[in-house]
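Just so it is clear, the model here is predicted, and its values are computed rather than measured. Both ligands and their constituent atoms are indexed starting at 1 by order of listing. Every heavy atom of this structure was used, including side-chain atoms; hydrogens, water molecules and symmetry mates were not.
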Amino acid sequence: MLIPFNKPFLTGLETKYIVEAVDSGKISGDCIFTKKCHSFFETSFGFKKVLLTTSCTHALEMAAILIDLQPGDEVIIPSYTFVSTANAFILRGAKVVFADSQTCNPNIDASLLESLITSKTKAIVPVHYAGISCDMDVIMDLAAKYNLWVVEDAAQAIDSYYKGRDGIKKPLGSIGHLSAFSFHETKNIIAGEGGMLAINDNRFITRSEIIREKGTNRSEFFRGEVDKYGWVDIGSSYLPSEVIAAFLFAQLENLNHIQLKRKSLWERYSENLSDFAAIFNLQLPYVNSYATNNAHMFYIVCNNLRQRSALIDFLKSKSILSVFHYLSLHSSQYFKGKHDDRALIESDRYSDCLLRLPMYYELTIMQVDLICDYIKEFFNLQKDPISTLKTQETSMV
Ligand SMILES: *Cc1c(COP(=O)(O)O)cnc(C)c1O
């Protein structure tokens, strides 16, 4: 039986709620189900204000508009991330300055950030890779010192937390001035395509509603706060229909249930592979003492690209699909001519060596054990120089 890398999980209520949304006769955005989703996030996680969006990409684009970037302003972003994290700011004419990852995990190395800040720097965009928090105290201190905005890319970070020096556990996405979540079908909680902007700074609240509604004050009009609405700012159409919100609400109602299952699978991977990884010098996800784990992803970092390719092929031959992840954005086709000459060694290492293992609600503990057994078999075979040679040969064809 094939074990895919990801399989979207349906709670069973999605279609029921979609029918309810359709039957209500109001299927454009910001009706019953959107409101239910908003209040879920505001009450369960204490976000000051959230707005569902059509994607995390769009939430990031909204953030880039909100912080009023001028052409030439600089934004510091990790190179090891999804295209949208950087592209949203490039669209506003900003200059992206890429930072390297930590050695212990792919999150931005906060200790390097101060050296990248110039008089043009406007924002830092930490990405909580695999749902594990960046070192937010260091980042927020720098932001205060240099008067910068912090936009969290919390695409993978639903239901994960940061506990900084004040000892208070804060949900990821509630710390920066703005943050963006994703409900793409590869994330823990899904809507097919969908996202959310969390607004943690009051100064952005009114304008965020306007930008999301094509630059109009339509939201205020529907609340009866103004007697007509019109064009007041720039914007676009960033609000999802009720059909998307209905799907999402079914998932949110099952958040704890989904998370418990994912965490049990993640723990099983970790138990199976920890000792083994140490012997073979493989790196596993590292949860810093200030971070929690939302079981978004389980990965192993191989020793080199060739070993990773061979492992992907070996697992595939056993009907297990594993996938690598980002390619450093600083050396992408689009950006490579724009990057300064700093080497981003860790980002390149994760590009070459990080491998994501199957992780989805319907995966079973037995399947996790099987996957881990095959991984062990692969590395044990590699110890034998003859079979190492063989796997290398097959990886090249
Ligand atoms: C998934 C993801 C995105 C994009 O999310 P969409 O909802 O597909 O636009 C952005 N950043 C990171 C880190 C992601 O993992």
Of the protein's non-hydrogen atoms, which lies at the shortest distance from [atom], and what is that distance?
atom                    : answer
atom 7 (O) of ligand 1  : Ser182 OG, 2.7 Å
atom 15 (O) of ligand 1 : Gln156 NE2, 2.8 Å
atom 3 (C) of ligand 1  : Phe82 CD2, 3.6 Å

Would you mind reporting whether [Y] and [X] have side-chain heavy atoms less than 4.5 Å apart?
X      : Y      : result
Asp153 : Cys56  : yes
Tyr238 : Leu51  : no
Trp266 : Met359 : yes

request  = Inspect the contact between Asp369 and Arg268 and indicate whether a charged nitrogen and a carboxylate oxygen are less than 4.0 angstrom apart.
outcome  = yes
ask   = Is any side-chain N of the basic residue among Asp159 and Arg262 closer than 4.0 Å to the acidic one's carboxylate O?
value = no
Considering only heavy atoms, does [X] approach ligand 1 within less than 4.0 Å through its side chain, its backbone, both, or neither?
X      : answer
Asp153 : side chain
Cys56  : both
Phe181 : neither
His58  : neither

ask   = What distance separates Arg207 CZ from Ile67 CD1, expressed to the nearest 0.5 Å?
value =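 Answer rounded to 0.5 Å: 10.5 Å.
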request  = Run the contact test for Gly194 against ligand 1 with a 4.0 Å cut-off on heavy atoms, strictly below, and give the result.
outcome  =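 So Gly194 counts as touching ligand 1.
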Any Tyr80 heavy atom less than 4.0 Å from ligand 1 = no
request  = Please state whether the rings of His325 and Tyr80 are parallel, tilted or perpendicular, taking 30° and 60° as the class boundaries.
outcome  =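 His325 and Tyr80: perpendicular rings.
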Looking only at N/O atoms, are [X] and ligand 1 under 3.5 Å apart anywhere?
X      : answer
His184 : no
Ser84  : no
Glu193 : no
Thr81  : no

Counting each atom of ligand 1 from 1 as listed, which ones have a heavy atom of [X] under 4.0 Å away?
X      : result
Ala155 : 2 (C), 3 (C), 10 (C), 11 (N), 12 (C), 13 (C), 14 (C), 15 (O)
Thr57  : 4 (C), 6 (P), 9 (O)
Val127 : 13 (C)
Ser55  : 7 (O), 9 (O)
Lys187 : 1 (C), 2 (C), 14 (C), 15 (O)

message = Using the salt bridge (charged side-chain N to carboxylate O under 4.0 Å, His left out) definition, which of the options Arg212, Lys35, Arg218 pairs with Asp30?
response = Arg212
key: Any donor-acceptor N or O pair under 3.5 Å, side chains Thr103, Glu346   = yes
Neighbour count above 12 (heavy atom, 6.0 Å) for Lys163 NZ = no
query = Step by step, would you call Leu273 with Lys376 a side-chain contact (heavy atoms from CB on, under 4.5 Å)?
reply = CA-CA 8 Å; Leu273 293 177; Lys376 290 177 184 174; 4.3 Å; yes
